[in-house]
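Structure first, commentary second.
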Amino acid sequence: MIENLINRIAQNKIDFEIGSQTILNEHSTDFQTILAQLKNYIFNSIPNKTNYNSETYQNAINTIPLKQTSTPIVILKTFPTKIAFNKLEQLPESEQHKVIISLLWIFKETDSQRLNTECKNGCEHKWHNVE
Ligand SMILES: [Zn+2]
């Protein structure tokens, strides 16, 4: 299950490199689906629902394990969150792996932040309560 895999990566229950490669190898044909899912997850995990920006989000972009000059990162750094995500959706196939890695990384960071703050004393998110 891809949802399960994404959340295991986010919660560091599976190595980022191994987890992201598994997604890229096994689900490469579902780019738009995975992207839509990651987008939802990221929006949900950012407390600021006005412009979906936060210090954690910005730090996450700066630590994505790709070249900081790669197209998805430049887009993420240049545009507000929602506009950037729409632009990522429209990138050519050759950029899709980088887009997935970027968004997986961002979600790992923003979700970890949420786990350590609002979810610290337990929560109802079912994905935070699985083994
Ligand atoms: Zn939670």
Side-chain angles (χ1 to χ4, degrees):
M1 280 285 277
I2 186 133
E3 292 87 353
N4 189 285
L5 188 53
I6 290 172
N7 282 296
R8 284 162 55 90
I9 296 168
Q11 291 168 40
N12 293 310
K13 289 175 179 163
I14 182 169
D15 176 74
F16 183 82
E17 176 72 23
I18 294 169
S20 57
Q21 287 308 316
T22 305
I23 288 182
L24 295 176
N25 292 335
E26 292 178 10
H27 303 273
S28 55
T29 52
D30 298 332
F31 176 74
Q32 294 300 341
T33 314
I34 298 172
L35 202 130
Q37 244 160 356
L38 284 171
K39 194 163 127 177
N40 269 333
Y41 285 165
I42 292 169
F43 285 173
N44 271 318
S45 66
I46 298 177
N48 174 350
K49 305 298 184 200
T50 310
N51 55 17
Y52 299 100
N53 201 354
S54 70
E55 203 183 321
T56 304
Y57 173 76
Q58 291 299 331
N59 286 338
I61 294 172
N62 287 322
T63 52
I64 292 169
L66 294 171
K67 274 193 201 146
Q68 289 289 305
T69 50
S70 57
T71 308
I73 298 183
V74 171
I75 290 174
L76 287 161
K77 282 182 167 175
T78 309
F79 299 97
T81 313
K82 276 193 155 177
I83 295 170
F85 281 35
N86 287 337
K87 288 184 182 291
L88 295 182
E89 254 168 20
Q90 288 151 21
L91 285 176
E93 223 179 299
S94 57
E95 294 290 338
Q96 289 178 352
H97 279 199
K98 288 178 195 162
V99 171
I100 300 279
I101 287 174
S102 300
L103 295 187
L104 267 174
W105 183 265
I106 291 174
F107 178 59
K108 184 170 89 66
E109 298 298 302
T110 55
D111 192 58
S112 297
Q113 162 79 2
R114 176 171 56 173
L115 260 176
N116 292 325
T117 54
E118 60 177 286
C119 299
K120 201 175 168 187
N121 299 314
C123 65
E124 300 293 318
H125 302 125
K126 62 178 191 298
W127 62 91
H128 283 160
N129 294 286
V130 289
E131 276 314 303

Check: side chain to side chain contact (heavy atoms under 4.5 Å, CB included) between Leu103 and Tyr41: does it pass, once the steps are laid out?
Finding: CA-CA 10 Å; Leu103 295 187; Tyr41 285 165; over 6 Å; no
To the nearest 0.5 angstrom, please state how far the [atom1] atom of [X] sits from the [atom2] atom of [Y].
{"X": "Leu5", "Y": "Ile23", "atom1": "CG", "atom2": "CD1", "value": "4.0 Å"}
{"X": "Thr110", "Y": "Glu55", "atom1": "OG1", "atom2": "CD", "value": "13.5 Å"}
{"X": "Lys98", "Y": "Ile75", "atom1": "NZ", "atom2": "CD1", "value": "11.5 Å"}
{"X": "Ile34", "Y": "Leu104", "atom1": "CD1", "atom2": "CG", "value": "8.5 Å"}
{"X": "Glu109", "Y": "Gln113", "atom1": "CD", "atom2": "CD", "value": "9.5 Å"}
{"X": "Glu118", "Y": "Ser45", "atom1": "CD", "atom2": "OG", "value": "9.0 Å"}

Just wondering, are more than 12 heavy atoms of other shown residues or ligands nearer than 6.0 Å to [atom1] in [X]?
{"X": "Glu93", "atom1": "CD", "value": "no"}
{"X": "Lys49", "atom1": "NZ", "value": "yes"}
{"X": "Lys77", "atom1": "NZ", "value": "yes"}
{"X": "Glu124", "atom1": "CD", "value": "no"}

Do side-chain atoms of [X] reach the backbone of [Y] as a donor and acceptor pair under 3.5 angstrom?
{"X": "Gln68", "Y": "Asn62", "value": "yes"}
{"X": "Asp111", "Y": "Phe107", "value": "no"}
{"X": "Asp30", "Y": "Thr33", "value": "no"}
{"X": "Gln11", "Y": "Trp127", "value": "yes"}
{"X": "Asn53", "Y": "Asn48", "value": "no"}
{"X": "Arg114", "Y": "Asn44", "value": "yes"}

Next item on the list: Given side chain to side chain contact (heavy atoms under 4.5 Å, CB included), test Leu35 with Leu38 step by step and report yes or no.
Entry: CA-CA 5 Å; Leu35 202 130; Leu38 284 171; 5.9 Å; no
Hydrophobic cluster identity match, [X] and [Y], side-chain contacts under 4.5 Å:
{"X": "Ile6", "Y": "Leu24", "result": "yes"}
{"X": "Phe31", "Y": "Ile73", "result": "yes"}
{"X": "Phe16", "Y": "Val99", "result": "yes"}
{"X": "Ile61", "Y": "Val74", "result": "no"}

Next item on the list: Taking the side chain as every heavy atom from C-beta outward, state whether Ile46 and Ile42 have any atom pair closer than 4.5 Å.
Entry: yes
Item checked: Heavy-atom check, side chain of Asn86 versus side chain of Phe79, under 4.5 Å -> no
Item checked: Steps toward side chain to side chain contact (heavy atoms under 4.5 Å, CB included) verdict (Ile100, Ser20) -> CA-CA 8 Å; Ile100 300 279; Ser20 57; over 6 Å; no
Smallest separation among heavy atoms of [X] and [Y], with atom names:
{"X": "Leu91", "Y": "Pro72", "answer": "CD1-CG, 4.3 Å"}
{"X": "Ser112", "Y": "Asn12", "answer": "OG-ND2, 4.5 Å"}
{"X": "Pro65", "Y": "Ile101", "answer": "CG-CG2, 4.4 Å"}

Note to self: Checking Leu76 against Ile106 for the side chain to side chain contact (heavy atoms under 4.5 Å, CB included) test, could you report, in this order, the C-alpha distance in whole Å, the side-chain angles of both residues, the deciding distance, and whether it holds?
What the structure shows: CA-CA 10 Å; Leu76 287 161; Ile106 291 174; 3.9 Å; yes
Checklist line | Qualifying residue, where the test is side chain to side chain donor-acceptor pair (under 3.5 Å) with Glu89 and the options are Gln96, Gln32, Lys39 | finding: Lys39
Check: How would you list, by chain and number, every residue that makes a ring pair (Phe, Tyr, Trp, His ring centres under 6.0 Å) with Phe43, sequence neighbours excluded?
Finding: Tyr52, Phe85
